Protein chains: 2
Amino acid sequence: MPPAPTAPRKRTRNARDEILDAAQRVAARDGGARLTLDAVAREIGMTKGGVLYNFPTKTGLLKGMLERMVETFGRIVEERVAASGPEVENPTLKAALEAYASLERLDPDLFTAILAAAVNDPDLLAPVRELKSRLQARVMAEAADPALAMIVMVAIDGLHFERMMRLPPQDAKLRAEIATRLVALVDAMEGAR
Amino acid sequence: MPPAPTAPRKRTRNARDEILDAAQRVAARDGGARLTLDAVAREIGMTKGGVLYNFPTKTGLLKGMLERMVETFGRIVEERVAASGPEVENPTLKAALEAYASLERLDPDLFTAILAAAVNDPDLLAPVRELKSRLQARVMAEAADPALAMIVMVAIDGLHFERMMRLPPQDAKLRAEIATRLVALVDAMEGAR
DNA sequence: GTATAAAAACTGACCAGTCGGTACATAAAA
DNA sequence: TTTTATGTACCGACTGGTCAGTTTTTATAC
């Protein structure tokens, strides 16, 4: 093989984030099943050892991916809540509805990869559980009709899940209409109180 | 001597169903990750060879499990629809709401096992897609407010998904209340037309 | 500035376990 | 005897993880 010339070694910015980005790309491009340590390493011209140096185990890598996603999602929600004035009703629920839209940009295979890993290690979803618990508590506390608010929450979850699994309804127009109607449902909830 | 074509084509002892039962037990008891061909075979005192004779591949086995579940679910829905009189509105949606309750009895690990397998083979979920498509079309056709009917559908899906993944809301009482309110939502939809 | 030591980051080869699948023998039915 | 059904043994590909060493970076001394 040709002698690998001392490559213009990329400045070691943040190996952790680079690896997480690479893992995300691999999962989205090749599917969750092919998200192996070798594949991730190859994606950024590193070796498996290098990846494992940054993440002690593959589960750790998945955990890192998920935590970053959860953190991003949570931050978006908080930003939206903060952006809405103090007079707005159901701020968390509305913010969550908006934040979910941002998930639509992510590739479904990204989630299936994590889901698959969660089968081996149920604790992997702990950050998600924690975030959802927090949001749920706030949404219910803010709502005049907590049960109805929860219906909206589980509905948007269902919509998201169906996208992940590529299950119906997949028609973009119908999905958009459902999302719109969910917002309307929240508004109606407020009007009727 | 030509093989006398005896009428009953059923296998003498339905090994297929026994294997499917065993696979279901293994998945529920040991988790999706440990649902291996050997484990299934061991469960009924058979060997991997025997299992592979009945199901050409592991994917085939999973497919068999899923098809049986889908079929059961679909049958329950049809029974409920048939049981409701012709004057009942939204019969399919109501029947689906009831049928989902029957899924609560199944172990979450059963679904995660299938979900995990679906990562490797997305086509595995084809029967589910097909069933959901059929139901969706009927539900929307029957509904005075199709979008609202779909909200109910995706909400119940979300509730089910959250149970599978052991995500909030897990509190049985809250879940029951949400389910009840979903039924109320359907009734309200009819009242307002 | 340069030399040097130490720590950090990473490589490459290898190991070990798992698991789906195959090949063939074989026992019971038909 | 042929077909159906199952046991036994094994293969081989994959993949996560280990480890000893090598390169790169950083800190420190001169």
Side-chain angles (χ1 to χ4, degrees), chain A residues 1-20 22-23 26-27 30-65 113-114 116-121 124, chain B residues 1-23 26-27 30-65 113-114 116-121 123-124:
Chain A
M1 57 180 70
T6 54
R9 204 101 191 96
K10 284 180 291 186
R11 291 204 48 75
T12 56
R13 283 167 292 187
N14 191 342
R16 256 186 91 89
D17 275 333
E18 270 183 35
I19 291 170
L20 290 179
V26 171
D30 304 333
R34 289 179 209 179
L35 179 59
T36 69
L37 291 176
D38 274 315
V40 172
R42 209 178 309 127
E43 181 76 13
I44 46 173
M46 198 184 254
T47 60
K48 190 162 57 173
V51 173
L52 283 168
Y53 178 80
N54 289 277
F55 294 92
T57 161
K58 188 184 178 181
T59 303
L61 172 61
L62 273 312
K63 207 173 145 200
M65 291 174 70
I114 290 168
V119 171
N120 299 317
D121 182 4
L124 196 72
Chain B
M1 183 178 295
T6 50
R9 278 184 63 252
K10 282 179 188 164
R11 323 200 174 233
T12 54
R13 186 174 58 94
N14 203 336
R16 259 184 89 89
D17 274 332
E18 269 182 37
I19 291 170
L20 290 179
D21 289 339
V26 170
D30 304 333
R34 288 179 209 175
L35 178 60
T36 69
L37 290 176
D38 275 313
V40 172
R42 211 179 307 127
E43 181 76 13
I44 45 172
M46 197 185 257
T47 58
K48 193 160 60 170
V51 173
L52 281 169
Y53 177 77
N54 288 278
F55 294 93
T57 159
K58 187 185 179 182
T59 301
L61 173 60
L62 272 312
K63 207 174 144 199
M65 291 175 68
I114 291 169
V119 172
N120 299 318
D121 182 5
D123 292 337
L124 196 72

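None of the values given here were measured: they were computed from a predicted structure.
Across all strands shown, B:Gly45 has heavy atoms under 4.0 Å from sugar-phosphate atoms exclusively, and none from any base. Using a 4.0 Å heavy-atom criterion, one finds that A:Thr36 contacts the sugar-phosphate atoms exclusively. When heavy atoms are screened at a 4.0 angstrom cut-off, B:Leu52 is found touching base atoms of the nucleic acid.
In plain terms, the two heavy atoms of B:Phe55 and B:Leu20 that are nearest each other are CZ-CD2, 3.7 Å. Contact detail for A:Ile44 and A:Ile19: the closest heavy-atom pair is CD1-CG1, 3.6 Å. For B:Ala41 against B:Lys48, the heavy-atom pair with the smallest separation is CB-N, 3.6 Å.
Protein atom NZ of B:Lys63 is 18 Å distant from nucleotide atom P of C:dG20, rounded to whole Å. As a whole-Å value, the separation of A:Asn14 CG from C:dC10 P is 10 Å. Atom-to-atom, CG of A:Leu37 to C1' of C:dT11 comes out at 15 Å; the value is rounded to the nearest Å. When rounded to the nearest whole Å, the span between CZ of B:Arg34 and P of C:dG17 equals 17 Å. The distance from atom CE of B:Met46 to atom C1' of D:dT8 is 15 Å, rounded to the nearest whole Å. Computed from coordinates, the A:Asp38 CG to C:dC14 P distance equals 15 Å when rounded to whole Å. Rounded to an integer number of Å, the gap from CG of B:Asp30 to P of C:dT18 is 14 Å. We find that CZ of B:Arg16 is positioned 16 Å from P of D:dT4, with the value rounded to whole Å.
Place B:Val51 and A:Pro56 on DNA chain D by their nearest nucleotides, and B:Val51 ends up nearer the 5' end.
Counted within 6.0 Å of NZ on B:Lys58, heavy atoms from surrounding residues, nucleotides or ligands total more than 12; the atom is thus considered enclosed.
To the nearest 0.5 Å, atom OG1 of residue A:Thr36 and atom CZ of residue A:Arg42 are 6.0 Å apart.
The side chain of B:Tyr53 places an N or O atom within less than 4.0 Å of a non-bridging phosphate oxygen (OP1 or OP2) of D:dA5. The side chain of B:Thr57 contributes an N or O atom lying less than 4.0 Å from OP1 or OP2 of C:dG21.
Listed nucleotides C:dG20, D:dT8, C:dC10 differ in distance to A:Asn54; the shortest reach to its side chain belongs to C:dC10.
Applying the 3.5 Å distance criterion, the base of D:dG16 shares a donor-acceptor pair with the side chain of A:Lys48.
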